[in-house]
A.B. asks: 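Sending over a structure as structure tokens; questions will come in a sec.
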Amino acid sequence: MKTRTEADSMGQLEVPENALYGAQTQRAINNFPVSGQSLPEPFIRALISLKQAAARANQRLDCLSEPMANAIDQACTELLDDPALMQHFPVDVFQTGSGTSSNMNANEVIATLASRRLGEAVGANDHVNFGQSSNDIVPSAIHTSAAIEVSKHLLPALEHLKVTIQEKGQALKGHTKTGRTHLMDAMPVRFDQTFNGWAAQLQDNIDNLNSILVKVTKLAQGGTAVGTGINAHPDFSQFICEELSTLTKVTFSPADDYFALIGSQDTAVALSGVLKTTAVTYMKIANDLRWMNSGPLAGLGEITLEALQPGSSIMPGKVNPVIPEATAMAAAQVIGNDAAITIGGQSGNFELNVMLPMIAQNLLNSIHLLTTTGTLMADKAIATLTVNAEKLNEALGKNPILVTALNPIIGYLKAAEIAKKAYQEKRPVIDVALEETDLSREELEAHLDPAKLTKGGL
């Protein structure tokens with residue numbers, strides 16, 4: 001590989017000839033051969049957008065000349081418009097805890113492109129990084145990337161899943177199934193009641209995400225090294241938020257207190273908690289679907305999920321509930337990510353949290369997993385499932401728990417006797433109740449009608 005010689009404050013070293021980055025990035029590549037994974041692209045794009053917004057803000061504040069600021073601005077646009085250029089951001093996630101290596105990676109790449117445009121040297125530290133520190137721009141990039149991904153991708157996916165569930169529930173409103181508590185037969189429920197319960201869970205998660213976004217869109221930018229704002233114009237924080245809001249179409253504002261957002265990652269931890277709750281909701285829906293789909297002969301067999309692929313390399317004809325399974329695994333990963341983020345949040349030592357890259361990676365991974373699996377579950381599980389009405393009705397007719405509806409008439413103990421006899425003799429509860437009570441078949445049919453029992457009341 002051909003190289004060129006680059007230098008930084010620690011001396012000279014060799015960098016790949018065609019790399020847009022410089023010496024500090026190369027040192028990070030050499031120092032951190034850990035996971036082989038660089039930070040997620042949404043984080044890098046947010047970091048570049050912040051650099052672009054900073055150049056515009058500094059030009060407005062007369063801290064950078066117009067030609068210099070424009071060159072940096074255009075370099076950022078070039079990076080954001082060409083996905084192939086993401087290869088120039090190779091720094092491993094597991095690096096210095098402040099993310100300084102990734103910040104300097106961005107500064108060097110932008111400086112290289114801006115220098116070519118301007119025809120003179122643009123400094124990575126002195127110009128691209130003007131008014132900034134890794135200690136405020138990396139936390140800001142975490143908030144920026146998370147806010148963009150949640151508002152533009154996750155929330156629409158959750159809304160799509162919720163609406164799909166509601167529409168499917170409405171379409172299946174006429175079907176009544178055996179309810180289950182402790183995985184045991186219970187009073188009947190309608191499909192729309194089950195589905196609307198899932199939809200309500202999703203709406204709670206949507207509301208919680210919208211609530212936490214108010215905090216996520218507050219940025220540490222302007223606090224620089226320790227929160228005091230040294231080397232940044234007093235109006236820089238306000239101006240960069242204005243420019244960033246224009247660029248991203250998401251409204252950002254300065255932190256109420258820079259020290260809190262630089263010294264801690266409480267907001268990221270709180271957002272991760274909401275993502276974890278969403279994952280728990282996904283797990284519940286996915287497992288309900290798996291149980292209802294189980295069989296088709298020896299399981300519940302209440303629904304049939306769309307057949308998407310062969311389910312076994314040895315058993316011909318077997319089909320598995322692959323989308324709910326994938327969703328459940330993704331949900332488990334999100335729960336694991338939350339544990340890592342929580343530990344990362346504890347690493348706010350004095351004026352700086354020092355697990356920022358790991359927090360960024362796990363937070364964005366959780367958002368991505370919930371976005372993709374939410375869409376898959378809506379389109380390839382909920383929307384396309386069918387109900388096995390014959391199986392539903394067969395189970396309902398034999399369900400002794402229906403006798404619960406007779407409690408106000410014959411009492412709990414008598415009803416229990418009827419239920420036990422129906423279980424033991426494997427007979428419909430209505431036949432046993434006809435023998436054990438003075439009620440006529442017409443009266444029993446009215447009292448034990450499964451659809452009526454889903455409406456509650458006495």
A.B. asks: Over 60° means perpendicular and under 30° means parallel, so tell me whether F195 and F191 are parallel, tilted or perpendicular.
C.D. replies: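 It falls in the perpendicular class, over 60°.
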A.B. asks: Under 4.0 Å between a Lys/Arg side-chain N and an Asp/Glu carboxylate O for R116 and E78?
C.D. replies: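 Not counted as a salt bridge, because no side-chain N and carboxylate O are separated by less than 4.0 Å.
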A.B. asks: Identify all side-chain donor-acceptor contacts of residues 219-226 below 3.5 Å with residues at least two apart in sequence or on another chain.
C.D. replies:
from, atom 1, to, atom 2, distance (Å)
Q221, OE1, S140, OG, 3.3
Q221, NE2, D136, OD1, 3.2
Q221, NE2, D136, OD2, 3.2
T224, OG1, I230, N, 3.0
T224, OG1, I230, O, 3.0

A.B. asks: Using only heavy-atom distances, determine whether the side chains of E6 and Q26 contain a donor-acceptor pair under 3.5 Å.
C.D. replies: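 Judged by distance alone, the side chains do not pair up.
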A.B. asks: Is a side-chain N or O of N58 found less than 3.5 angstrom from the main chain of C63, in a donor-acceptor match?
C.D. replies: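 No; zero donor-acceptor contacts below 3.5 Å.
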A.B. asks: Give me the one residue out of T96, N107, N103 that meets side chain to side chain donor-acceptor pair (under 3.5 Å) with S134.
C.D. replies: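 Passing option: N103.
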A.B. asks: Check N287, V280, I285 against M283 for a side chain to side chain contact (heavy atoms under 4.5 Å, CB included) and give me the one that passes.
C.D. replies: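 Single pass found, and it is N287.
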A.B. asks: For residues K152 and V250, determine if any side-chain heavy atom of one lies less than 4.5 Å from a side-chain heavy atom of the other.
C.D. replies: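 A side-chain contact under 4.5 Å exists here.
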A.B. asks: Is atom CD of E390 surrounded by more than 12 heavy atoms (other residues, nucleotides or ligands) closer than 6.0 Å?
C.D. replies: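 At most 12 heavy atoms, drawn from other residues, nucleotides or ligands, come within 6.0 Å of this atom.
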A.B. asks: For the pair L363 and L275, evaluate side chain to side chain contact (heavy atoms under 4.5 Å, CB included) and give the outcome as yes or no after the intermediate values.
C.D. replies: CA-CA 9 Å; L363 197 62; L275 298 174; 3.9 Å; yes
A.B. asks: Which heavy atom in D338 sits nearest to a heavy atom in G273, and how many Å separate them?
C.D. replies: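 The answer is OD1-N, 3.5 Å.
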A.B. asks: Would you please say whether a donor-acceptor pair under 3.5 Å links the side chains of E302 and N388?
C.D. replies: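 The criterion, which ignores hydrogens and geometry beyond distance, is not satisfied for N388 and E302.
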A.B. asks: Any donor and acceptor pair, going by atom type alone, linking the side chain of S145 with main-chain N or O of I142 inside 3.5 Å?
C.D. replies: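 Checking the backbone N and O of I142 against the side chain of S145, a donor-acceptor pair under 3.5 Å is found.
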A.B. asks: Have a look at K177 and tell me which of M292, Q193, K391 forms a side chain to side chain contact (heavy atoms under 4.5 Å, CB included) with it.
C.D. replies: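 Looking at M292, Q193, K391, the match for K177 under the side chain to side chain contact (heavy atoms under 4.5 Å, CB included) is M292.
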A.B. asks: Between the side chains of H160 and D379, is a donor N or O closer than 3.5 angstrom to an acceptor N or O?
C.D. replies: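 There is such a pair (donor and acceptor under 3.5 Å, judged by atom type) between the side chains of H160 and D379.
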A.B. asks: Measure the shortest side-chain to side-chain distance between I323 and L305 over non-hydrogen atoms and say whether it is less than 4.5 angstrom.
C.D. replies: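 Not in contact.
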A.B. asks: Would you please say whether a donor-acceptor pair under 3.5 Å links the side chains of T5 and E14?
C.D. replies: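 The criterion, which ignores hydrogens and geometry beyond distance, is satisfied for E14 and T5.
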A.B. asks: With no hydrogens and no angle check, is any side-chain donor or acceptor of R4 less than 3.5 Å from a backbone partner on P16?
C.D. replies: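 Yes; at least one donor-acceptor contact below 3.5 Å.
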A.B. asks: Tell me whether N31 at atom CG has more than 12 heavy atoms from other residues, nucleotides or ligands lying less than 6.0 Å away.
C.D. replies: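 Atom CG in N31 is crowded, with more than 12 foreign heavy atoms closer than 6.0 Å.
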A.B. asks: Which value, rounded to the nearest 0.5 Å, describes the distance between H368 atom NE2 and E41 atom CD?
C.D. replies: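 Reported value, rounded in 0.5 Å steps: 11.0 Å.
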